[in-house]
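Heads up: the structure comes next, in structure tokens.
Hydrogens, waters and symmetry mates are skipped; everything else that's a heavy atom, side chains included, is used. These figures come from a predicted structure and were not determined experimentally.
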Amino acid sequence: MNINNFAKNKILFIVVVSFLVFNSFSAQSFTKIFDPISSDDNYSEGTTWGDINNDGYLDAFVPHLYTDRNNIIFVNNGNGSFTRIETGEVVEDPGQSSGGIFADFDNDDDLDLFVTNYFELDNFLYLNNGDGTFKKVLNGIIVTDGGFSFGSSTADFDNDGFLDIYVTNGPFTENGAQNYLYRNNGNGLFIKVTQGAIVTSVGHSNSSTWCDYDNDGYIDLFVSNGGAFETFDVRNFLYKNNGDGTFTEISSSVSGIEDSFASSGNWGDFDNDGDFDLFVTNYSGNDNIIYVNNGNGTFSKVDVGDMSHDGGDTVSSALGDYDNDGDLDIYVTNDFNENNNFYINNGDWTFTKIISGDFVNDGGRSNGATWADYDNDGDLDLFVPNGQRPQRQNNILYRNEGNANHWINIKCEGLTSNRSAIGTKIKAKAIINNTPTWQLRQIAGGTGFNAQNSLNVEFGFGGTTIIDSLIIEWPSGLNETYVNVEVDKFYKAVEGIGLNPVLTGIKEVEEIPIEFKLSQNYPNPFNPETIIKYEIPFATIVVLDIYNSLGEKVKNVLSEFKNAGSYEVSVNLNGLPTGIYFYTLTTDQKTFSNKMAFVK
């Protein structure tokens, strides 16, 4: 184990955890959920979570790898159950799909979907119609390129406010393939990048994941390579973003990230030191590897007990603070009906392996597992997709039963930055176990192998009831700081506008309007004051203006961020002439207008 002096100063190695501790540890419990989302038996390589209809609840996309069945969308009913969508292009489109990404590619305030296909089939891009249904994009190189595509991820690599797409190609091919990078022009078109090692290096690339690992404000890329043919160079790719739209490939001798039979990579700040470490899963009996970020652009391999010596046919990892204690835990999926592994972060560069419970003993050909708070109760639930050969296997949803630890959940919305806020970094400081602790997250457009956790940001804080500081660093370069933030709440952060709590959760769902509504003012006619009522189904910026009959704006009544709910506002037109006026309510989703009569 080679660890330089810099890393030695960072890491406290307490590696030995006894067999008795492993067997006496009582894990926070999960309940296996029997629902349409866990009753299908597709060959599912991954999972993708996103709120496709803007109702405040996370929906799921589950791909199918073979042509005998189609991909699936499950819509969250808001009561702990899901409905399988039976119609629409996404679920009626035959393909051989390995994964997908939810992101707002056209910045119109709803999540679109990109899907990768294997066997030289074209990939799919679907734009959201604004109501959770989708329209397939038929033209452009991004959907006519073919390829042996097995994974994809998205990030705004040039910080222009629009999300770009990276596609990994070549696993299970003899000679490998080049990967694809598509730059989003912001006008509905993607342009294929054709120069640079990031698109000209040949590999057996399984997956990719973006992260600003060197904290220079530009998002970098790690690509996992693990070919089916051992004679081929299976070096992994690390591309440093130069900040000018180009990338430099960093060699393993410089980065410290070894060549390996890698199936996926995942970035996370495991030691809460303010930079992103890397967890690499390896296949064909090879051990998984965790690399500590040295803070100087290099990494050191860390030996952390069972987690680094479990071997197996590991496909993917899912990172999340499942017990809300203030550090990231790791769930690992394995192929060939091996049991999956779960490692709880002890906060000192040791991990406790959990060996009891369905979620580590259900076996299966498990692939891109994901964490998502699907029931809006403040803790992370677990979804495990499975294969179906030689026997059919269902996917599995495990509901986290939670504990008394405190948490927050933040949905970020970019304005100058991309609307999905992918690439945004959030730092939170609180006193946890009597120690001032900083935590770090980055919103990712793809994690692990064909997996995408929720785009929401989830933090746990143990017994702490107040967050001392919360810093949001947007891709645009804007940094915002909030202090004394309350825990056990859902928040919406809008770039340049603010951080506000939002009403959500199953117990409160009946209080939330289900659609936008602008009511007729009353009284009408009026002199000089009237009341205007409106309803908004989710948090948004609200602007209420008054116009005269000539279309001239005569008064701004309201211009501010509002949480989901029902509101009324008093309007006084004293000083204006008698006549017909129009009041217009504008949000980032809808615009409404009604007529009213002012009579003196």
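No side-chain donor from either of Glu458 and Asn324 sits under 3.5 Å from a side-chain acceptor of the other. Side-chain atoms of Asn266 and Ser317 include a donor-acceptor pair closer than 3.5 Å. A side-chain N or O of His309 and one of Asp303 form a donor-acceptor pair less than 3.5 Å apart. Between the side chains of Ser454 and Trp49, no donor-acceptor pair of N or O atoms lies under 3.5 Å. Side chain to side chain, Asn206 and Ser224 fail the donor-acceptor criterion of an N or O pair below 3.5 Å. Residues Asp335 and Tyr283 have side chains that bring a donor and an acceptor to within less than 3.5 angstrom of each other. In this structure, a donor-acceptor pair under 3.5 Å is absent between the side chains of Asn117 and Ser149. Donor-acceptor pairing under 3.5 Å is lacking for the side chains of Asn418 and Ser420. Counting only N and O atoms by type, the side chains of Ser44 and Asn395 include a donor and acceptor under 3.5 Å apart. A donor-acceptor pair shorter than 3.5 Å cannot be found between the side chains of Ser284 and Asn286. No side-chain N or O of Ser208 forms a donor-acceptor pair with one of Thr168 less than 3.5 Å apart. Of the N and O atoms on the side chains of Ser476 and Glu495, at least one donor lies less than 3.5 Å from an acceptor on the other residue. Side-chain contact of Tyr331 with Asn340: a donor-acceptor pair under 3.5 Å is present, judged by distance alone. For the residue pair Asn334/Thr314, the side-chain donor-acceptor check at 3.5 Å is satisfied. Side chain to side chain, Asn394 and Ser38 fail the donor-acceptor criterion of an N or O pair below 3.5 Å. Side-chain contact annotation: Glu480 with Trp474, donor-acceptor N/O pair under 3.5 Å present.
Two residues are said to be in side-chain contact when any heavy atoms from C-beta on lie closer than 4.5 Å; Ile330 and Met307 meet this criterion. Looking at heavy atoms from C-beta onward, Asp381 lies out of side-chain contact with Tyr398 at the 4.5 angstrom threshold. The shortest side-chain heavy-atom distance between Asn409 and Asp373 falls under the 4.5 Å cut-off. Contact annotation: the side chain of Asn288 never approaches that of Val280 to less than 4.5 Å [non-hydrogen atoms, C-beta and beyond]. The closest side-chain heavy-atom distance from Ile290 to Phe270 is below 4.5 Å. The side-chain heavy atoms of Gln452 and Thr370, taken from C-beta on, include no pair separated by under 4.5 Å. Asp277 is not listed as a side-chain neighbour of Phe299, based on a closest heavy-atom distance of 4.5 Å or more. The shortest distance between side-chain heavy atoms of Asp321 and Asp329 falls below 4.5 Å.
Glu89 places a side-chain N or O within 3.5 Å of a backbone atom of Lys136 that can act as its donor or acceptor partner. At least one donor-acceptor pair closer than 3.5 Å links the side chain of His204 to the backbone N or O of Thr173. Listed for the Asn236 side chain is a donor-acceptor partner under 3.5 Å among the backbone atoms of Glu258. A donor-acceptor contact shorter than 3.5 Å links the side chain of Asn70 to the backbone of Val91.
In summary, Arg183 and Asp160 engage in a salt bridge, as defined by a charged side-chain N under 4.0 Å from a carboxylate O. With salt bridges taken as basic N to acidic carboxylate O contacts below 4.0 Å, none links Asp220 and Lys240. Asp310 and Lys353 are joined by a salt bridge, as a carboxylate oxygen and a charged side-chain nitrogen come within less than 4.0 angstrom of each other.
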Worksheet item: Which is it for Ile471 and Trp438 under the side-chain contact (heavy atoms from CB on, under 4.5 Å) test, yes or no, and what are the steps along the way?
Response: CA-CA 10 Å; Ile471 301 174; Trp438 278 102; 3.7 Å; yes
Discussion item. Using side-chain contact (heavy atoms from CB on, under 4.5 Å), reason through Thr209 and Leu221 one step at a time and then give a plain yes or no.
Written reply: CA-CA 6 Å; Thr209 180; Leu221 181 67; 5.9 Å; no
Practice prompt. List the steps and the verdict of side-chain contact (heavy atoms from CB on, under 4.5 Å) for Leu382 and Trp371.
Written response: CA-CA 5 Å; Leu382 179 66; Trp371 295 104; 3.8 Å; yes
Worksheet item: Can you list the steps and then say if Lys492 with Ile410 is a side-chain contact (heavy atoms from CB on, under 4.5 Å)?
Response: CA-CA 6 Å; Lys492 183 171 183 179; Ile410 309 172; over 6 Å; no
Worksheet item: Do Tyr322 and Phe342 pass the ring pair (Phe, Tyr, Trp, His ring centres under 6.0 Å) test, and can you show the C-alpha distance, the side-chain angles, and the key distance before you say yes or no?
Response: CA-CA 11 Å; Tyr322 100 105; Phe342 189 32; 4.8 Å; yes
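With ring centers used as reference points, Phe247 lies under 6.0 Å from Phe157. A ring-centre distance under 6.0 Å is found for Tyr66 and Tyr43. Taking the six-membered ring for Trp and the full ring otherwise, Phe148 and Phe150 have centroids separated by 6.0 Å or more. Phe102 and Phe114 have their aromatic ring centers separated by at least 6.0 angstrom. Taking the six-membered ring for Trp and the full ring otherwise, the centers of Phe162 and Phe105 sit at least 6.0 Å from each other.
The aromatic rings of Phe82 and Tyr374 sit tilted, their planes meeting at an angle between 30° and 60°.
When all heavy atoms of His64 and Arg69 are compared, the pair lying nearest together is CD2-O, 3.0 Å. A pairwise comparison of heavy atoms in Leu470 and Ala428 identifies CD1-CB, 3.7 Å as the closest pair. Here the closest heavy-atom approach between residue Pro63 and residue Asn71 is recorded as CA-OD1, 3.3 Å.
Atoms CG and CG, on Asn128 and Asp110 in that order, are 4.0 Å from each other to the nearest 0.5 Å. If you take OG1 on Thr333 and CZ on Arg365, they are separated by 12.0 Å, rounding to the nearest 0.5 Å.
With sequence neighbours excluded, the residues satisfying side-chain contact (heavy atoms from CB on, under 4.5 Å) with Glu92 are Thr87. Legend: residues meeting side-chain contact (heavy atoms from CB on, under 4.5 Å) with Leu127, ordered by chain and number and at least two apart, are Asp106, Asp112, Val137.
Geometrically, Lys135 does not engage Tyr126 in a cation-pi contact, judged by NZ or CZ lying under 6.0 Å from the ring centre and within 45° of the ring axis.
Just one residue in the list Val199, Leu125, Ile141, Ile191 forms a side chain to side chain contact (heavy atoms under 4.5 Å, CB included) with Tyr182, and that residue is Ile141.
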